Amino acid sequence: MRDYEVVYIFKSALGTEDIDARLQRYHEKILAAEGSEITAVEHWGKRQLAYPIDRNENGYYVVAQFSTEPGALPEFERLLKLDDEVLRHLVVLSEGELAVPISLGDDDEDDDRRRGKRADADSDDTAADDAGSDDDDDEDDDSDDTAADDAGSDDDDDEDDDSDDTDDDDDDDDDDSDDTADDDDDSDDEEKADVAVVDVEEDDSGADGDEDTDEEDKD
Amino acid sequence: MAYRKVCRFCEKSVARIDYKDAGVLERYLTDRGKILPRRATGNCARHQRQLGTAIKRGRFLALVPYIEGYYG
């Protein structure tokens, strides 16, 4: 028996009745396993997505916590994947109580909060941004391809990995493009450096130098 | 985000960084949505790792962007 947390994002066009009916249907799957229990369900309500998902700009967020056997999850997630009205879902091992409500529902409140927090750090923001743009190497490390895999391995939980698979693909695409861009930059520099070194050798070794440079270039 | 010497999460004794708290996650992104490096955030190793995981989960759930300011 383990504690899990699931976040659903429904299409915002759905009515609350539809959503409740769906939640009930999903949660029945969990409760079917013996000793399982839904411990908390929290509706965040309609919220703007940070990026469009299947051309949806908004989503209806619901967070639920439950405890069940790991074996109950594949069936549960299969149901979620089949439902076209679910834009996204994420199942992770629960990290504690849902008790502390977070500033999500009301955009106004959220904005105020952000302004308040940033007010004292405003002067420093630009400095940090500069740092961010300078340091491509570190960004690479952070944005490594296995976003979800990291999460999964932390949790020792196969189901997590499954649920994140689609996400991984997205991640990979994005990150790869970044990576190659960065890598190109780096490798260009390195090649130039290599060539420079080879040139020096060439001068020393005479005719043999040409072959060396070719090999270097292929590498 | 200022250059910090101490980990803000340690200061507040945060056990787990919540991937659902977009307000917190946003503060550790550049204006383009990249994760700020540790030397800019001042986070300790543990919390920087947690933060990375949390931001990536938050991105999947469209709470924070993968790329900020890019519209097709």
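Owing to the predicted nature of the structure, the values given are computational and were not obtained by experimental measurement. Chain A is the first sequence line, chain B the second, and so forth, proteins listed ahead of strands; every chain is numbered from 1. The analysis underlying the following values was restricted to heavy atoms, covering all of them including side chains, and did not include hydrogens, waters or symmetry mates.
Taking every heavy atom of both residues into account, B:L61 and A:I9 meet most closely at O-CD1, 3.4 Å. For B:Y19 against A:V92, the heavy-atom pair with the smallest separation is OH-CG2, 3.5 Å. Nearest heavy atoms, B:V64 versus A:Y51: O-CE2, 4.0 Å. When all heavy atoms of A:R47 and B:A22 are compared, the closest pair comes out as NH2-CB, 3.7 Å.
Under the rule for a salt bridge (charged side-chain N to carboxylate O under 4.0 Å, His left out), B:R32 has no partner lying at least two apart in sequence or in another chain.
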Could you give the side-chain donor-acceptor pairs of residues 10-33 of chain A under 3.5 Å, partners two or more places apart or in another chain?
| residue | atom | partner | partner atom | Å |
| --- | --- | --- | --- | --- |
| A:R22 | NE | A:D83 | OD2 | 2.6 |
| A:Y26 | OH | A:D83 | OD2 | 2.4 |
| A:H27 | NE2 | A:Y8 | OH | 2.8 |

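With B:Y66 contributing its side chain and A:A50 its backbone, the two residues share no donor-acceptor pair below 3.5 Å.
Contact annotation for A:I53: only side-chain heavy atoms (C-beta onward) come within less than 4.5 Å of a heavy atom of chain B.
Residues B:K20 and A:Y61 have side chains not in contact (no heavy-atom distance under 4.5 Å, counting atoms from C-beta outward).
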